[in-house]
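Proteins get letters first, then strands, A, B, ... in listed order; numbering begins at 1 in each. Computed from a predicted structure; not experimentally measured.
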Number of protein chains: 2
Amino acid sequence: MPLDPLSSTFAALADPTRRAILARLALGETSVMELAKPFDMSLPAISKHLKVLEHAGLISRGREAQWRPCRIAPASFKQADGWLGNFRRFWDESFNRLDGLLEEMKAEEAAKAPPRSNRKVRVKKEKQRGRTRG
Amino acid sequence: MPLDPLSSTFAALADPTRRAILARLALGETSVMELAKPFDMSLPAISKHLKVLEHAGLISRGREAQWRPCRIAPASFKQADGWLGNFRRFWDESFNRLDGLLEEMKAEEAAKAPPRSNRKVRVKKEKQRGRTRG
DNA sequence: CATGTACTTAGCTCATCGGTTAAATAACCT
DNA sequence: AGGTTATTTAACCGATGAGCTAAGTACATG
């Protein structure tokens, strides 16, 4: 019984070895052997991890002679990030509903104006919203 | 053996029931009974899910009489989102900052894997592969 | 064709996970 | 004290997951 895409994506991300593999792949496409080197783990274990990542849509694999180069596949990352985005207002002050609307407007404006990358403002501040506690 | 925080967070997110619980909590703090209603599942099962979410730092729980109100806890969301953010350039065109973000990420993940990987790439034939992402 | 390299599949073990029911705890209300 | 409501803990079960070793497949080259 196959899990829904979001579940298999998050499940794939829930392993430090696999996250390290992805981090490595963020630097560029590479082979299984190369990916396996940093780990004190058998090659079949790595192969399984790659299969999990591929099935989760986080990587894609090609074929080049006897090598199977792996590379990051964006779609599942985007989907996971999108899901988390629904909660962004809980930690990102600049991301409440109003700001969301404003940003959409800005994005639309920016499509006509000179492109300045300001899609997201990183705010270091962390603050609790009003809560009915005591 | 406790998992690292990022792993337990992603593992907690890898279940549709738990994600639905979080989606419900995004609408506001509520009780276990209330959270359990939409699911065709026993109460202890929900209780376990909440424990997983709490342990992952995705929710926090208070006490109000005999109720244990649950609410979203931002920190782990933020951390997961931050990790995913390291890959944002792969799908977000407006995310072109090639800072030392990857370095941070590598450092964090490499702390869990033995960094014995400084070997030269064993290139037999100067076979040029990869680098499609340049 | 034979051998080597890169990788995957098969089959096993053991731990963890998601679910169950039954019983226990905690706080409220007579 | 006794009962009701809300929630957790205990004990169990089947499925899945991460690791292993050994064997199999795909391609390259001598």
Side-chain angles (χ1 to χ4, degrees), chain A residues 1-4 7-21 25 29-56 58-71, chain B residues 1-4 7-22 25 29-56 58-71 112-114 119-130:
Chain A
M1 208 65 99
L3 288 182
D4 62 291
S7 293
S8 42
T9 297
F10 281 129
L13 292 175
D15 184 285
T17 301
R18 287 194 291 260
R19 286 200 308 281
I21 287 175
L25 288 177
E29 174 172 332
T30 191
S31 72
V32 177
M33 276 300 193
E34 197 57 34
L35 285 171
K37 270 175 189 156
F39 304 102
D40 188 16
M41 196 179 292
S42 72
L43 212 50
I46 299 292
S47 190
K48 271 192 181 181
H49 281 306
L50 292 175
K51 196 187 222 170
V52 171
L53 289 169
E54 185 179 28
H55 181 253
L58 290 163
I59 67 171
S60 70
R61 289 195 269 186
R63 159 149 281 183
E64 228 171 286
Q66 66 254 232
W67 294 277
R68 251 139 270 205
C70 304
R71 70 196 75 91
Chain B
M1 200 85 74
L3 288 182
D4 62 292
S7 292
S8 44
T9 297
F10 280 128
L13 293 175
D15 184 283
T17 302
R18 287 194 291 260
R19 286 200 307 279
I21 289 175
L22 291 173
L25 288 177
E29 174 171 332
T30 192
S31 72
V32 178
M33 275 299 194
E34 197 57 34
L35 285 172
K37 268 175 190 157
F39 304 102
D40 188 15
M41 197 180 291
S42 72
L43 215 49
I46 300 292
S47 188
K48 273 190 180 181
H49 281 305
L50 292 174
K51 197 187 221 170
V52 171
L53 288 169
E54 186 179 28
H55 181 253
L58 289 163
I59 68 171
S60 70
R61 289 194 269 188
R63 161 150 285 194
E64 226 168 288
Q66 66 254 234
W67 295 276
R68 264 84 191 273
C70 304
R71 68 196 79 90
K112 290 150 194 141
R119 297 184 53 182
K120 270 292 201 254
V121 184
R122 195 153 61 180
V123 183
K124 285 293 181 111
K125 279 297 179 70
E126 187 55 54
K127 182 107 182 175
Q128 176 72 289
R129 63 176 160 280

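Shortest non-hydrogen contact noted between A:F39 and A:I46 is CD1-CD1, 3.8 Å. When all heavy atoms of A:S8 and A:H55 are compared, the closest pair comes out as CB-ND1, 4.5 Å.
The CE-C1' distance, from B:M33 to C:dA27, rounds to 14 Å in whole Å. Between the CD atom of A:E34 and the C1' atom of C:dA6 there is a distance of 13 Å, rounded to whole Å. One interatomic measurement links the two molecules: CE of A:M41 to P of D:dG19, which rounds to 4 Å at whole-angstrom precision. Atom CG of B:L53 and atom C1' of C:dG18 are 13 Å apart (whole Å). Atom P of nucleotide D:dA18 and atom CD1 of A:I21 are separated by 11 Å, given to the nearest angstrom. The nearest whole Å value for the distance from the CD atom in A:E64 to the P atom in D:dA26 is 19 Å. In this structure, B:F39 places its CZ atom 10 Å from P of C:dG19, rounding to the nearest Å. Put simply, CZ on A:R19 is 15 Å from C1' on D:dA18, counting in whole angstrom units.
Two residues are said to be in side-chain contact when any heavy atoms from C-beta on lie closer than 4.5 Å; A:S31 and A:E64 fail this criterion. Residues B:E54 and B:S60 fail the side-chain proximity criterion, which asks for heavy atoms closer than 4.5 Å. Contact check for B:C70 versus B:L50: side-chain heavy atoms found under the 4.5 Å cut-off.
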Verdict with reasoning, A:I21 to A:H49, per side-chain contact (heavy atoms from CB on, under 4.5 Å): CA-CA 9 Å; A:I21 287 175; A:H49 281 306; 4.1 Å; yes
Steps toward side-chain contact (heavy atoms from CB on, under 4.5 Å) verdict (A:K51, A:R61): CA-CA 10 Å; A:K51 196 187 222 170; A:R61 289 195 269 186; 4.1 Å; yes
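Axis deviation across the helix from C:dC1-D:dG30 to C:dT30-D:dA1 amounts to 10°, comparing end segments of five pairs, rounded to 10 degrees.
OP1 or OP2 of C:dG19 has not a single side-chain nitrogen or oxygen of B:S42 nearer than 4.0 Å.
Judged by distance alone, with hydrogens and angles left aside, the side-chain atoms of A:R18 form no donor-acceptor pair with the main-chain N or O of A:V52 at under 3.5 Å.
Checking C:dG19, D:dA18, D:dC20 against the side-chain heavy atoms of A:A45 singles out D:dC20 as nearest.
Side-chain contact, A:R19 with B:S7: a donor N or O sits under 3.5 Å from an acceptor N or O.
For the atom pair OG1 of A:T9 and CG of B:L13, the computed distance is 11.5 Å after rounding to the nearest 0.5 Å. A distance of 13.0 Å separates NZ in B:K48 from CG in B:L43, rounded to the nearest 0.5 Å.
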Kindly give the atom pairs (protein nitrogen or oxygen, nucleotide nitrogen or oxygen) under 3.5 Å for nucleotides 8-10 of chain D.
{"residue": "D:dT8", "atom": "OP1", "partner": "B:R61", "partner atom": "NH1", "Å": "2.3"}
{"residue": "D:dT8", "atom": "OP2", "partner": "B:S47", "partner atom": "OG", "Å": "2.6"}
{"residue": "D:dT8", "atom": "O5'", "partner": "B:S47", "partner atom": "OG", "Å": "3.3"}
{"residue": "D:dT9", "atom": "OP2", "partner": "B:K51", "partner atom": "NZ", "Å": "3.3"}

N/O-N/O pairs, protein side and nucleotides 2-4 of chain C side, under 3.5 Å:
none

